[in-house]
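Quick notes on the structure that follows.
Order of the sequence lines sets the chain letters (A, B, ...), proteins ahead of strands, with each chain counted from 1. Hydrogens, waters and symmetry mates play no part in the numbers below; they use all other heavy atoms, side chains included.
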Amino acid sequence: MKLILSTGNIMEGGSSIRRDPTQKSNAELVASFRNNFAAHSLQTDGMVNGNGTAKTHRSNYKTWTHMADDGRMELEVPKLSFDRSGLQEEREQYDITLKLFYLSGAPIEKRAVQTREAVNLVLKELHMPSLNLLIISFPGIYFDEEEDCPDKISTRGPVEAEPEPLESQIETWKVLEQLHKEGIVRKLGIAEFGHDRLQTFLEKTTLRPSVDQINLRDCCSVPKSLLKLAKSQHVELLVHNDCSNVLPRGTVRELLGPGPDGAGVLAETTKPEEKQKTLHGEAHAPEEGLKGEVQPLWVVKYTAVVKNRGVVEDKGYFAVAELTE
Amino acid sequence: MGLLAIGTPLDWPSAKKVASHVREWGIEQLLAIWRRAKGKERDALLWGDEIEYIVVALDDQQRLVKLSLRQADILHALAEDEELIKQGGGVPDLNGEKAPTNKKRAPTFHPEFGRFMLEATPGQPWGIDFKDLLDVEQDMKWRRKIAKEHMEANEYPITLTTFPLLGDRKSLVPYYPPHGERLRSQFVPDEIANPHIRFPTLAANIRSRRGRKVELNVPVFHDTKTPWPFKDPTVDYDLHEFPEDADVRNGAAKDNCVYMDAMAFGMGSCCLQITFQAKNIDEGRKMYDQLSPLGPILLALTAATPIYKGFLVDTDVRWNQVSGAVDCRTREELGEVPLKHDRWRIPKSRYASNSTYISQDSRLRPEYLDPDLVVDEDLKAKLVEGGMDDLLATHFAHLFIRDPLVVFEEDLKELDLTKTDHFENLQSTNWQHMRFKPPPPGNDTGWRVEVRPMEIQITDFENAAFSIFVVLITRAILSFNLNFYIPIPRTTENMETAHKRDAVLNEKFYFRRNPVMRPSASPQSGRNTPEPRHDRPSRPGTPLGPVEDEYELMTVDEIINGKAGGFPGLIPLVESYLDSLNVDVETRCELAQYLALIKGRANGRLWTAAKWIRHFVREHKDYKMDSVVSDGLAYDLVKAAERITNQEGRDGFAKEMLGDVRDES
């Protein structure tokens, strides 16, 4: 079964505000999902207690998620409804950027399908026919600055994958070229490419990336060789603050699991010691969550900025994972 | 303020008689503007900064600095510069507006109240394109260069908020004796003001309406050898030419204070102002409200005014002096005597922190409004009758409690609804820390908000940094739909707090704890809500807590840099905003320098100009620890300011104020 996680527009809720400069930068992603799940699943009980805070309880996931009716095994968490979202102005007013993170462990050969799926979801969400910029992030690549930048290390997230061979990246690139040809995406970009990788990539692709997005934070130490290459090849170097490993192992399970911070979509993974407890006769709530192994496939981040006003009108994430029994 | 309109200005007794007339026509014009422009939509963010300079003349041989009163000559020289005009620059008041022949418009220059002042603005408004943001500082430097090129070799445009020796009865060139008919000041001559008839009339009518001279008493800085109690030794108690000469004999000069008696002491201060164009009237109203609580914080952060009339003072900013310098309130309005002739008591000067919120925003609780607001109910009724909503009508009916100060006889013959002169007469003489500006007639300019509290900084690097910081804050406010509402009286208190010496380090300011909407536990409030994105009505069933729980006292550091587990900080908010945009490496690094300056000022790592100047004076070999800033010391200070302007700390001088931020570039 496929799980489609969404955040909705996160600009207002505060989850995209850096609370702590040292925090891991996928905190935004995690907090956004968590807030959105909570907003949909937590019910306020009528009574307000003495402290002025209302008591809440979590409703069964079946009431706020949605299983596709047409037999596809797709669970939307929470239920998607594209009729109410969307942007307020005309297409040309916006700069729409989409950053697609392919995750480690997901099948590389399915990227063509996944990329379309991600782009379509965002276009549907924004009610727009096309994007300005699509940046793709391959698993396992970390941009290396010349100097040590203590701030930066924390923003990488755990290293869980080796970079894949350039050949497979170029193969993936063809999918993007096709989207460009169809007029769905105007500019293409890659993330975290250092000088060597970028140079080879430029040599081997027909439609070349216009953007290389690197994680720089406040350390302004871009290797000169990269700066030079980018300038001479008209590749714009953009700054970002995302985790390269945006969804480390276990994050989805944590978000959807039965724990106090989870959304209660997934059941507890049964561990031997818990069985032990049940044997000793402790009362256990009946499991109502879904069971199985979770494999995250991709994450997409989207932003829509009103160009001549510099206002970020919409920003959010989708993540898709595979649940196998 | 257009200066070309010349006419016969009315003296105060005559102006007073036609005040209601001007107000009524002003309201008619306002309604015409409002009807015409309320539906104006989708305007781009355009913004502009204004830099004000003091022009000084240096005498290196005698180590003397004087104020140059050659504003008119300098403006003429600028207006006659063919090359500058060809590039779209010059002096619009003298040249008129001309289209540029090439792409980048040269800056324009404008007269100011002080005859020793100059104002410069970019030739065209800035946008939000990041390339524009990086041009701001270069443009400011260009302005300064052009200004300097049109001055004498020994004259300099400097950006100190006040001239340290203003009012010493001698440091003016050309020299004029004090005590003229218009200002009646014992310290400065009438010639201190711009000779355009509007300015002396303004000064004279303020004095006349008030019934005595304006009265500024700034607490002197109590140094180790300052005579105590301190009695301003420069006050002359033996003048007998004008009735106002008796002011000081009646106690106008207070103990332990530096006493000043003319509009020039306030309106002669330089500040850094920024004006933003909003998308539409609603966005303008929202920005006006949300930026208002930031005013005192910006004032404290930019503090640069520790010297008045040759004395170190115990305050850091100019604000209250400007406020007092144009305070036209009568004794009745001030509450010193019972109300008999005047209509009401008025708690604030026309130059003061603002007293209204105007946004039709569901987050605006009635508790935030100023309970002491004075409103002209008749004029308000007219506005409401004309279709204006209550909040906005209240705002303008509040501004219109004032009398027009400068009225030209010729303008009273016929009401021209395509013009805005009568409306602007009141609007532009209400100098609050935020100003909400309707679209002017005749061009496509939209609704605008002017941010007015900041003090001018010595370097253009700093001026650019603060301008860009405020621009980015407005973008963060709109993007995150931030909520900074606190009760207006708290902002009024904060404004006072910002005056204290080193307020930026030592004082606490009321500020809203949580600027973002709480993620709610109600299923109706998720992403798929049918309500529009902004201004959703407050959810029924979620009772709001007491207003007092929404804000707390915070240091400037906490407000700017954030507080663990509390307010996220304005800089992190700006950075979070930048994280959501596509910003190129070079731009992000430039912006980081600007933000580093603001961070440093807030956490005390970098000094404000006020602290640096105070330190400079106290460490100077000529200083006798008696609060007196001597002529030679003032000369060295101005020379130091000039050096800092050019070097920006790269030569190691004034690093305490600027840090190493500039070294990396």
Does the side chain of [X] reach to within under 4.5 Å of the side chain of [Y], using non-hydrogen atoms?
{"X": "A:Leu133", "Y": "B:Asn582", "value": "yes"}
{"X": "A:Glu89", "Y": "B:Lys279", "value": "yes"}
{"X": "A:Ile214", "Y": "B:Val585", "value": "yes"}
{"X": "A:Leu238", "Y": "B:Val583", "value": "no"}

Point to revise | Spacing of A:Glu90 atom CD and B:Arg42 atom CZ [to the nearest 0.5 Å] | key: 5.5 Å
**Study point:** Separation between CD of A:Glu236 and CD of B:Glu586, rounded to the nearest 0.5 Å
**Key:** 10.5 Å
Exercise for review: Report the option among B:Ala278, B:Ala596, B:Ser580, B:Gly562 that has the most heavy-atom pairs separated by less than 4.5 Å from atoms of chain A.
Suggested key: B:Ser580
Revision key, fill the gap. Scored by heavy-atom pairs under 4.5 Å with chain B, the best of A:Arg309, A:Gln93, A:Lys307, A:Lys315 is A:Arg309
Check your understanding: So what's closer than 4.5 Å to chain B heavy atoms on A:Ser16: side chain, backbone, both or neither?
Key -> both
Contacting region of [X] [heavy-atom separation from chain A under 4.5 Å]:
{"X": "B:Gln277", "value": "neither"}
{"X": "B:Ile128", "value": "side chain"}
{"X": "B:Asp129", "value": "neither"}

Point to revise | Candidate list A:Glu313, A:Met11, A:Glu12, test side chain to side chain contact (heavy atoms under 4.5 Å, CB included), partner B:Ser479, passing option | key: A:Met11
Exercise for review: Run the numbers on B:Arg588 and A:His240 for side-chain contact (heavy atoms from CB on, under 4.5 Å), then give the verdict.
Suggested key: CA-CA 10 Å; B:Arg588 191 67 170 84; A:His240 73 83; over 6 Å; no
Practice item. Indicate the atoms forming the closest heavy-atom contact of A:Ile17 with B:Leu482, along with that distance. Key: CD1-CD2, 4.3 Å
Review point. Is the count of non-hydrogen atoms from other residues, nucleotides or ligands lying under 6.0 Å from B:Glu552 atom CD greater than 12?
Key: yes
